[in-house]
Amino acid sequence: MLEGLLMGLNTALSLQNLLMVVAGCLIGTFIGMLPGLGPMSIIAIMIPVAISMGDPSAALILLAGVYYGAIFGGSTSSILLNAPGVAGTVASSFDGYPMARQGKAGKALTIAAIASFAGGTIGAILLMIFAPALSSVALLFHSAEYFALMVVGLSAIAAFAGTGQVAKALIMTLLGLIMATVGEGALFNLPRFTMGIMDLQSGFGFITLAMAMFALPEALFLVLKPKDLKGGEGEIKDMRISRAEARAIAPVIGRQSLQGFFIGVLPGAGATIASFLGYAVERNIAPKHEQDEFGKGSIKGLAAPETANNAACTGSFVPLLTLGIPGSGTTAILLGALIALNVTPGPRLMIDEPQIFWAVIMSMFIGNLVLLILNLPLIPYIAKVLSVPRTFLIPFILFFTLMGAYIGQNNATELLLLVGFGVCATALKFADYPLAPLLIGFILGGMMENNFSRSMQLYDGVAFIWERPMTLGLLIIAVILVVLPSYRARRARARAAGVAEGD
């Protein structure tokens, strides 16, 4: 391992590869800041550039830098505009945007940068140490386990509901699951609920739905509330983090670096699920008085998803490099780039071409440091977006929202869906319905249906639930996550009633 690290460091520190790291981080950060333009699009565009280099190490270092640079930079639009740049940063807007509205944009961006750096760096250390062993663990997860993992994700939905909103959160989750059924089914390649519209055969686009749930309602709210249309003079305050705040987020960063990395290792999980689960876990384990702060500008609520999504990005390289299995759409494109470069990822990559494997890992350490150095000095300037009067900001939000939705699916129907869903989401927001559960139900619904269908086919029914111990264990965890909040609430009511009777 020491020999591999020295080899990787020597390769990564060459002038060409250092330039590739910096270029990838810059491009990824800029693309991540633009709503709707995720890493998949830019990596696909840059594959010809990477192949033309001829050096597989430099090409993969460049593409990897774009990948985690986009996740790193994607938090900017989530925090400042409530318009998530990439799917993995949707959860960052839950507390990041309220912090920006409270005049803490600089602090929110600083926390996001530090949490992203820590998550990516710790993830790279874990990748370096555990990659060979974790590749065998990832192989233990089959369709049944993935179905159970999705159920665990849905069971944590109460974490995204405010006080007394659990029923509303459940309704929104079910609505998201229903929306996930639009398009071709998992068992039969036949269109469902498309109403004869060809553009709906592949279902609703995630970017379209994310923009409709968060960015568009925000723009409409600004129009409907004229008192909020003035500029944000004085909103950019101290971006430093106090010692008390650093102590508060340190354990969150530690926990979510580990959890995010291990979720990223599982093929098909990825940064989006890691960020949502990270947010849910931290809210559920927080003290009661801190739970009420989540969704209103909690520093823990921002640090958790930012750490988890960057750690998951690093973790997703485990199945890609050691098994040749892409864990997400982005790593699937990276797999195609590797094959085009005549590199065969898999168990023998570490043996046949160790310089590529270790160079990518060492470049992650360098890349995360580059991202921190690039982003921290720019925070005061980036945060000045909030000082722009809302009357000027609304057209930009609408432009990037419409552009992101159109580029995501490349058809005009997405624009109609965006406007329709955006109006509905605004009405639901007025009625005080949480929108995050709908998006989570939509994300997990499709994956859950696919894995459940495959498991049913393999086991000729639901016997897989009790025949696979890991599946049964995960489902038991899901039940506990559903029952525990209700049990806690009942105990709290009982104690309150006891105190009232004592009075």
Side-chain angles (χ1 to χ4, degrees), residues 12 16-47 49-50 53 57-80 84-90 92 96 109-110 112-124 127 257 260-261 264 270-272 274-275 305-317 320 327-331 333-334 337 359-379 381-382 404:
Q16 181 191 20
N17 289 339
L18 280 174
L19 289 173
M20 290 303 103
V21 170
V22 175
C25 291
L26 274 171
I27 294 167
T29 303
F30 177 72
I31 293 299
M33 288 180 184
L34 301 176
L37 297 177
M40 284 181 65
S41 307
I42 190 62
I43 287 175
I45 292 168
M46 293 191 68
I47 282 178
V49 177
M53 292 178 186
S57 298
L60 193 57
I61 285 171
L62 172 67
L63 296 176
V66 171
Y67 181 26
Y68 48 77
I71 298 296
F72 199 106
S75 59
T76 302
S77 55
S78 293
I79 291 170
L80 297 183
V86 293
T89 62
V90 170
S92 302
L109 290 169
T110 303
I114 292 170
S116 299
F117 169 76
T121 303
I122 295 171
L127 174 63
S257 294
F261 176 78
T272 306
S275 63
E306 277 299 300
T307 306
N309 61 25
N310 281 270
C313 282
T314 310
S316 67
F317 279 85
L320 175 68
S328 63
T330 307
T331 49
I333 295 173
L334 287 172
V360 171
I361 291 177
M362 296 311 295
S363 75
M364 289 180 179
F365 289 104
I366 300 168
N368 277 295
L369 187 60
V370 167
L371 284 167
L372 191 66
I373 293 169
L374 285 174
N375 280 269
L376 278 180
L378 293 175
I379 284 172
Y381 304 102
I382 295 170

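What you see is a predicted model; the values in this text were computed from it and never measured.
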d(T314 OG1, N368 CG) to nearest 0.5 Å is 6.0 Å

Donor-acceptor side-chain pairing of S92 and S75 below 3.5 angstrom
no

Query - Full working for side-chain contact (heavy atoms from CB on, under 4.5 Å) between N309 and C313 - result: CA-CA 6 Å; N309 61 25; C313 282; 5.7 Å; no

Taken to the nearest 0.5 Å, the spacing of F30 CZ from T76 OG1 works out to 11.5 Å

Nearest heavy-atom approach of L372 to P377 is O-CD, 4.2 Å

Looking only at heavy atoms, the pair that brings A308 and A274 closest together is CB-O, 3.4 Å

Residues T89 and S78: closest non-hydrogen pair is O-OG, 3.0 Å

CD1 (I122) and CG (L127) are apart, to the nearest 0.5 Å, by 13.5 Å

Closest heavy-atom pair, N310 versus S116, reported as atoms and distance to 0.1 Å, is ND2-OG, 3.1 Å

side-chain contact (heavy atoms from CB on, under 4.5 Å) for L18 and V370? Distances and angles first, verdict last. CA-CA 10 Å; L18 280 174; V370 167; over 6 Å; no

On a heavy-atom basis, the closest approach of M20 and L62 is O-CD1, 3.6 Å

Distance col, row N17:CG vs M362:CE, nearest 0.5 angstrom, shows 12.5 Å

Heavy-atom closest pair (A64 atom, F317 atom, distance to 0.1 Å) is CB-CZ, 3.8 Å

Separation between CG (L374) and CG (L26), nearest 0.5 Å, reads 5.0 Å

